[in-house]
Amino acid sequence: MVSTRCKLLVQEELSKLGLHYSTVELGKADIEENISIRQWDELNIALKRSGIELLKSKKDVLIERVKTLIIDLVHYSEGPLDINLSEYLTRKLHKDYTYLANVFSETQGVTIEHFHIAHKIEKVKELIEDNELTLTEIAWKLHYSSLAHLSNQFKKVTGVTPSGFKKADGAKRAVLESVCM
């Protein structure tokens, strides 16, 4: 789950099945009772209709947690990251970063860093379209070392500069759920 919409859909489907939950967070739902195979299948079918897939394996859950942490970090956190991304993920997930990186790229076909950069660029696009911050302020907000670093990365990923994107009136932005998924 990577958005509030997903959380609401999961809550709704759990309620329809009479399942009680203590929390439904991005990437995780804590169900209070044991779920039967029939309930699991019904929930899985209902969620698939909405484009949400239940995760069974520990690796799938781990990958979803990595994605959720990165998405939360890029799109929803306000404060600066005091440590680098690899250390952040290691601390949050209590797993060796090399293991996380290998599992992630093996299952997703992209590296953690590529996924992180793709989300940062989508956030840059959003902030450019909002037209409330200068490019320098956007670079600072998203923890780029400089405006030049932001501009180079933006152009490498999108093919246009941030200024060119702004002039094109926000060419195209990806839906959050589809960024590197």
Side-chain angles (χ1 to χ4, degrees), residues 1-9 23-28 51-52 55 60-181:
M1 285 183 283
V2 295
S3 72
T4 304
R5 179 185 66 83
C6 294
K7 286 172 49 174
L8 294 173
L9 281 167
T23 58
V24 175
E25 300 172 4
L26 295 178
K28 180 181 172 188
I52 299 172
L55 305 175
D60 288 342
V61 172
L62 182 62
I63 295 308
E64 194 63 27
R65 289 183 65 202
V66 169
K67 288 179 177 181
T68 300
L69 284 170
I70 291 171
I71 289 166
D72 285 348
L73 181 67
V74 172
H75 295 278
Y76 305 114
S77 72
E78 291 297 321
L81 186 60
D82 297 333
I83 53 177
N84 65 29
L85 180 64
S86 60
E87 182 65 24
Y88 174 76
L89 293 174
T90 297
R91 286 183 186 179
K92 289 287 193 178
L93 299 172
H94 308 288
K95 301 280 185 199
D96 177 65
Y97 183 75
T98 302
Y99 173 74
L100 292 172
N102 288 338
V103 170
F104 192 92
S105 48
E106 176 184 300
T107 60
Q108 300 302 299
V110 297
T111 64
I112 289 174
E113 187 64 25
H114 183 264
F115 183 84
H116 182 232
I117 289 168
H119 277 275
K120 283 178 78 172
I121 296 303
E122 285 307 310
K123 184 66 174 181
V124 170
K125 290 177 185 178
E126 176 187 322
L127 294 171
I128 289 171
E129 287 178 351
D130 288 348
N131 207 24
E132 293 178 9
L133 301 173
T134 66
L135 291 175
T136 302
E137 291 169 328
I138 292 171
W140 180 84
K141 181 178 178 73
L142 293 176
H143 318 295
Y144 283 96
S145 57
S146 67
L147 176 56
H149 181 214
L150 164 67
S151 295
N152 288 336
Q153 194 170 75
F154 192 93
K155 184 167 184 172
K156 186 177 181 181
V157 172
T158 66
V160 297
T161 64
S163 299
F165 179 83
K166 189 173 189 172
K167 287 177 187 166
D169 205 22
K172 285 191 179 179
R173 286 198 34 228
V175 176
L176 185 60
E177 286 85 358
S178 70
V179 178
C180 280
M181 306 243 176

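Two residues are said to be in side-chain contact when any heavy atoms from C-beta on lie closer than 4.5 Å; Ile128 and Leu135 meet this criterion. In this structure, Leu85 and Ile70 have side chains that are in contact, with non-hydrogen atoms separated by less than 4.5 Å. Counting heavy atoms from C-beta on, the side chains of Gln153 and Tyr144 come closer than 4.5 Å. Between Phe115 and Ile71 there is a side-chain heavy-atom pair separated by less than 4.5 Å. The shortest side-chain heavy-atom distance between Leu127 and Asp130 falls under the 4.5 Å cut-off.
Residues His75 and Glu126 share a closest heavy-atom pair of ND1-OE1, 4.4 Å. Contact detail for Thr111 and His114: the closest heavy-atom pair is OG1-N, 2.9 Å. Across all non-hydrogen atoms, the minimal contact from Ala139 to Leu147 is CB-CA, 4.1 Å. Taking every heavy atom of both residues into account, Leu73 and Ser77 meet most closely at O-OG, 2.6 Å.
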Please table the atom pairs, donor to acceptor, closer than 3.5 Å between any side-chain atom in residues 93-103 and protein atoms at least two apart or in another chain.
unit_1 : atom_1 : unit_2 : atom_2 : d
Asp96  : OD2    : Thr98  : N      : 3.2
Asp96  : OD2    : Tyr99  : N      : 3.3
Asn102 : ND2    : Thr98  : O      : 3.2

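The NE2 atom of His143 sits 7.5 Å away from the NZ atom of Lys120 when rounded to the nearest 0.5 Å. Taken from OG1 in Thr134 to CH2 in Trp140, the straight-line distance is 11.5 Å, to the nearest 0.5 Å. Remark: Ile112 CD1 to Ile63 CD1 distance equals 7.0 Å, nearest 0.5 Å. Rounded to the nearest 0.5 Å, atoms OG1 (Thr68) and CD (Glu64) are 4.5 Å apart.
Taking a cutoff of 4.0 Å between a charged side-chain nitrogen and a carboxylate oxygen, Glu87 and Arg91 qualify as a salt bridge.
A side-chain donor-acceptor contact under 3.5 Å links Thr158 to the backbone of Val160.
Among His116, Gln108, His119, the single residue meeting the side chain to side chain donor-acceptor pair (under 3.5 Å) criterion with Lys67 is Gln108.
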- Task: Take Ile138 and Lys123, measure what side-chain contact (heavy atoms from CB on, under 4.5 Å) needs, and give me the verdict at the end.
- Result: CA-CA 9 Å; Ile138 292 171; Lys123 184 66 174 181; over 6 Å; no
